[in-house]
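Notes follow once the structure below has been shown.
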Amino acid sequence: MVFILVFLRYNSWDIINKPLHIFRDIFNVLVHPQIKAWIFTVTFGSFLAASYWILKGLSNFKN
């Protein structure tokens, strides 16, 4: 979702106003992947996973 908002430059209300445009763009990214899309997805996913595991470890450490 972040990729759609940041790189494809859609706003949150565009899902109501222009759903076909969004689905077409998502399909194009999936069919013709761009290196920046993969780098962003892997980096952001890694950041979220690392944050989760660090916070989970800290909450277990307190107990």
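The shortest distance between side-chain heavy atoms of F27 and R24 does not fall below 4.5 Å.
More than 12 heavy atoms of other shown residues, nucleotides or ligands fall within 6.0 angstrom of atom CG in L30.
Between the T43 side chain and the F40 main chain, no donor and acceptor come within less than 3.5 Å of each other.
Tracing side-chain contacts under 4.5 Å through hydrophobic residues (I, L, V, M, F, W, Y), one reaches I16 starting from I22; they form part of the same cluster.
Scored by the side chain to side chain donor-acceptor pair (under 3.5 Å) test, D14 finds no partners at all (sequence neighbours excluded).
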